[in-house]
Amino acid sequence: MSLRPLPGTTDRKVDALLTLLADNAMIVISGAKIANEIGVSRSTVWRWIETLRALGVKVKGHPRTGYQMERVPDVLAPKLLQRGLRQSVFGRRIYHFFKTDSTNAVAFRLGCEGEPHGTVVVAEEQTAGRGRARRVWHSEKTSGIYLTALLRPPMPPQQAPLLTMAAGLAARDAVAEMTGLLPDLRWPNDLLIGGKKAGGILTEMHAEPDRVHFVIVGIGLNVNHTRMPDELSEIATSLRIETGKTFSRVDLVARLLRHLESYYNRFVAEGPEPILNRFCGVSSYAHGKRVKIATARESFVGTTAGLEPSGLLRVTRDDGQTAIVVSGDVAEER
Ligand code: BTN
């Protein structure tokens with residue numbers, strides 16, 4: 001089944017151009033050769049090269065001399081991502097945008113149109129990136145990872161929070177492997193480094209009371225941002241700010257999706273235990289953390305007391321009663 005012709009998705013020939021340049025990094029290739037190999041005119045090659053440059057891809061040269069990549073491009077183009085996802089369900093159908101409103105919005109529409117399990121939507125920039133509780137997700141061009149995976153899990157809707165946790169764990173594992181940092185996970189969806197937010201997950205669902213049609217798991221990660229906007233700098237950070245290094249987003253996405261697939265497969269085969277155990281093992285928020293909980297109905301202070309089998313958070317309130325948090329903001333209470 002071929003990909004749907006969605007308005008705004010990256011032309012497959014731009015994908016081919018990037019792959020050609022990546023495979024010949026440091027070598028000068030003539031505009032005529034590129035044009036011939038990907039089946040477009042030389043002026044189209046030039047136009048696309050200009051577009052890539054505007055995105056920060058370092059291409060030297062011009063139509064007369066030929067073109068040369070200064071390094072392998074870090075664009076989340078399907079063909080480049082698929083190299084790290086050869087055996088993975090997430091490598092089969094990847095929709096790439098240079099710019100879109102929200103990868104969750106696109107994936108939700110695709111889910112309604114019957115796209116299969118494993119479809120991935122990824123963007124270099126979002127103009128209306130959304131976070132939980134109708135917040136905006138800062139989606140700076142080519143600095144971060146903005147991706148959504150479409151899942152069709154054989155499970156009741158009540159277990160959906162476990163998929164958010166699986167995605168958080170997958171992002172944490174990928175970040176740990178690549179950076180050596182050990183991010184914390186704040187229930188249910190925040191990836192924290194040094195107490196500041198470096199990533200978040202927004203899970204949305206299309207379901208009946210007893211059956212999930214599809215779930216979309218949107219993942220945002222702050223990767224190569226050199227600074228966060230003033231209004232976020234106290235509470236948000238990026239991998240680059242924390243380490244002083246830049247990271248390949250292509251490599252990070254491939255690792256993240258491989259981990260997500262592995263958590264997902266274990267969940268389907270063995271149930272929630274592996275995800276719950278791992279989350280409790282790596283999150284300082286699962287047990288014994290003093291927290292302030294703000295839900296749509298109320299705010300209260302208490303101490304976290306583990307997770308329900310469905311992934312909901314147990315909190316022992318200061319009056320001794322146990323609350324089960326279904327959704328809401330969790331903040332450390334100092
Ligand atoms: C949060 O922490 O509030 C969740 C943030 C989720 C952001 C990601 S970026 C990719 C996907 N598309 C969106 O519009 N949102 C999610």
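All ligand and atom numbering here is 1-based and tracks the order in the structure.
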**Message:** Which label fits His206 and Phe214: parallel for a plane angle under 30°, tilted from 30 to 60°, or perpendicular past 60°?
**Reply:** parallel
**Request:** Among residues two or more places apart or on two chains, list those pairs meeting ring pair (Phe, Tyr, Trp, His ring centres under 6.0 Å) that have a residue in residues 216-263.
**Result:** His138-His225
**Prompt:** Going by distance alone, is a donor N or O of one side chain under 3.5 Å from an acceptor N or O of the other, for Thr148 and Asn104?
**Reply:** yes
**Prompt:** So which protein residues pack against ligand 1 under 4.0 Å, heavy atoms counted?
**Reply:** Ser102, Thr103, Asn104, Gln126, Gly129, Arg130, Gly131, Arg132, Trp137, Tyr146, Leu147, Thr148, Asn189, Asp190, Lys197, Gly200, Ile201, Leu202, Gly218, Ile219, Gly220
**Message:** Grouping I, L, V, M, F, W and Y whenever their side-chain heavy atoms are under 4.5 Å apart, do Trp137 and Ile241 come out in a common cluster?
**Reply:** no
**Fill in**
Sorted by chain and residue number, the side-chain hydrogen bond (donor to acceptor under 3.5 Å, both in side chains) partners of Arg227 (sequence neighbours excluded) come out as Asp230
**Request:** Would you please name every residue forming a salt bridge (Lys or Arg N to Asp or Glu O under 4.0 Å) with Arg297, sequence neighbours left out?
**Result:** none
